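Below is one structure; the comments refer to it alone.
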Amino acid sequence: MTASLTLSPRATACGKVIVAGEHSVVYGYPALAAAIPSSLELTATRGPADEPVHLRIDAWDIDVALEPDTDHPVARAALEVFGYCDGPLRGWSIDGTTSLPSRAGLGSSAALTVALARLCLGQDAPLGAVVEASLAGERVFHGEPSGIDSEVAARGGLLRYVRGAEVEVIPLRHALSLVVVPSGKPRSTADQVAKVRTRHDRFPMVVRPVLDALGALVERSITAIEHNDLDHLGELFNIAHPLLASLDVSSWILDEMCDAARAAGARGAKLTGAGGGGCILCLPQDDPAPLFAALQARGHAPVRIDLEPSS
Ligand code: PMV
């Protein structure tokens, strides 16, 4: 890639929610993820020519200089992205605005690394290059991520993802409403992935069938979405949650939130993403108002995600 001393003035990227297949995707099974559209916007302006690039995102309490010897993970990840893209190291100030919570399993780090790559390469740069640049930064945060977050952050839409394979866009024939509920408890994806690895290595004959089931759930979920069979999709959410709990990635907060959502009429509820904390994902009834009211009465701040039919 040729060195560029300039940045685009603006870049955006999506957040994501994993609908099915988290954790099993690390072992080569498919996963299904939906984009949360235009979740992060970065703007770049000229700064002092001899000072390191500065990155500031108030919503995530990020205010860092991209100094080569930094040990700040966000600055290191940004430097990896800029290194991959041959971006400028001095003379720029980058500001971000976002509606995504960070460290909640909604793809905030991938949104950041994708948007940084687009500042260097252009908002309409080829997706493959943007995803590779994002992954260089994602490795700083997550060790060896499956790559699903970067793909969704860059592409948007609803995607079936298998590690190392071509991403499949799942066309939506009907609108699909989902509700994400943050638990407010941060967690580390790398730690959660390591917990599953430990359990897998200790009891491979027991854990493999769970991973098989989670993989099968992805295909059934896609069929349910294609047929707009929301009751089946909700039931699949309800099967996924205890399967994930058996891998040691749930918590009493997430279990309780899922129970509360179902009691309030959700068609289904499951943890989404790495688990431990982060968010749950609910499939609401056609009228989501009672679900929202019940969750808000418990002090939660549910967020509705509306996926539009593909054009
Ligand atoms: O970082 P999260 O919460 O979106 O989780 C990522 C999904 C995992 O399958 C748990 C890890 C991965 O790399 O795919």
Side-chain angles (χ1 to χ4, degrees), residues 13-36 39-40 60 73-74 77 98 100-114 131-132 134-155 158-165 167 178 180-200 207 210-215 217-218 221 240-241 243-251 253-254 257-258 270-281 303 305:
C14 301
K16 72 94 199 16
V17 67
I18 297 187
V19 179
E22 50 274 272
H23 287 290
S24 44
V25 68
V26 173
Y27 296 78
Y29 295 87
L32 181 65
I36 307 173
S39 300
L40 172 70
W60 294 343
V74 171
T98 182
L100 274 185
S102 63
R103 301 184 67 215
L106 298 182
S108 56
S109 64
L112 174 61
T113 51
V114 162
V131 169
E132 283 306 317
S134 161
L135 279 171
E138 281 282 272
R139 284 187 202 101
V140 173
F141 294 116
H142 302 311
E144 269 310 312
S146 65
I148 186 169
D149 286 21
S150 299
E151 291 284 356
V152 185
R155 286 170 197 271
L158 184 66
L159 301 182
R160 180 184 181 276
Y161 174 87
V162 179
R163 200 171 190 160
V167 175
L178 300 168
V180 173
V181 194
S183 70
K185 189 172 171 240
R187 83 287 170 280
S188 146
T189 298
D191 290 352
Q192 295 296 109
V193 169
K195 275 189 350 188
V196 177
R197 174 64 65 190
T198 302
R199 189 158 280 191
H200 171 272
V207 169
V210 176
L211 299 174
D212 286 344
L214 288 168
L217 254 160
V218 172
S221 300
H241 184 77
L243 286 174
L244 288 161
S246 79
L247 298 178
D248 199 20
V249 296
S250 191
S251 66
I253 298 177
L254 299 180
M257 287 170 70
C258 286
K270 64 183 281 283
L271 70 83
T272 180
C279 296
I280 66 160
L281 179 65
V303 180
I305 302 173

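Each ligand, and each atom within it, is numbered from 1 in the order the structure gives. Below, all heavy atoms of this structure are taken into account, side chains as well, without hydrogens, waters or symmetry copies. The shown structure was predicted, so the numbers you read here are calculated from the model rather than taken from an experiment.
Across the listed options Q192, R187, E22, R163, R187 owns the non-hydrogen atom lying nearest to atom 3 (O) of ligand 1.
To the nearest 0.5 Å, the span separating CD on Q192 from NE2 on H23 amounts to 5.5 Å. One distance of note links OG of S134 with CZ of R139; it measures 9.5 Å at 0.5 Å rounding. L281 contributes atom CG, which lies 10.5 Å from atom CD1 of I18 (distance to the nearest 0.5 angstrom). Of the inter-residue distances, the one linking I280 atom CD1 with H241 atom NE2 reads 8.5 Å to the nearest 0.5 angstrom. To the nearest 0.5 angstrom, L158 atom CG is 9.0 Å from L178 atom CG. Put simply, OG1 on T189 and CZ on F141 are 10.5 Å apart, with the number rounded to the nearest 0.5 Å.
Each of the atoms 9 (O), 14 (O) of ligand 1 lies under 4.0 Å from some heavy atom of V25. Close approach to G105 involves these atoms of ligand 1, each under 4.0 Å from a residue heavy atom: 2 (P), 3 (O), 4 (O).
Nearest protein neighbour of atom 5 (O) of ligand 1, counting heavy atoms only, is A274 N, 3.2 Å. For atom 6 (C) of ligand 1, the closest non-hydrogen atom of the protein is T189 CG2, 4.0 Å. Closest protein heavy atom to atom 14 (O) of ligand 1: S146 OG, 2.5 Å. Looking from atom 7 (C) of ligand 1 to the surrounding protein, the closest heavy atom is I18 CD1, 3.5 Å. Annotation: atom 8 (C) of ligand 1 to nearest protein heavy atom, H23 N, 4.0 Å.
Neither the backbone nor the side chain of T272 has a heavy atom within less than 4.0 Å of ligand 1.
Judged purely by atom type and a 3.5 angstrom limit, K185 uses its side chain to pair as donor or acceptor with the backbone of G276.
Geometrically, ligand 1 and K16 share a nitrogen or oxygen pair separated by less than 3.5 Å.
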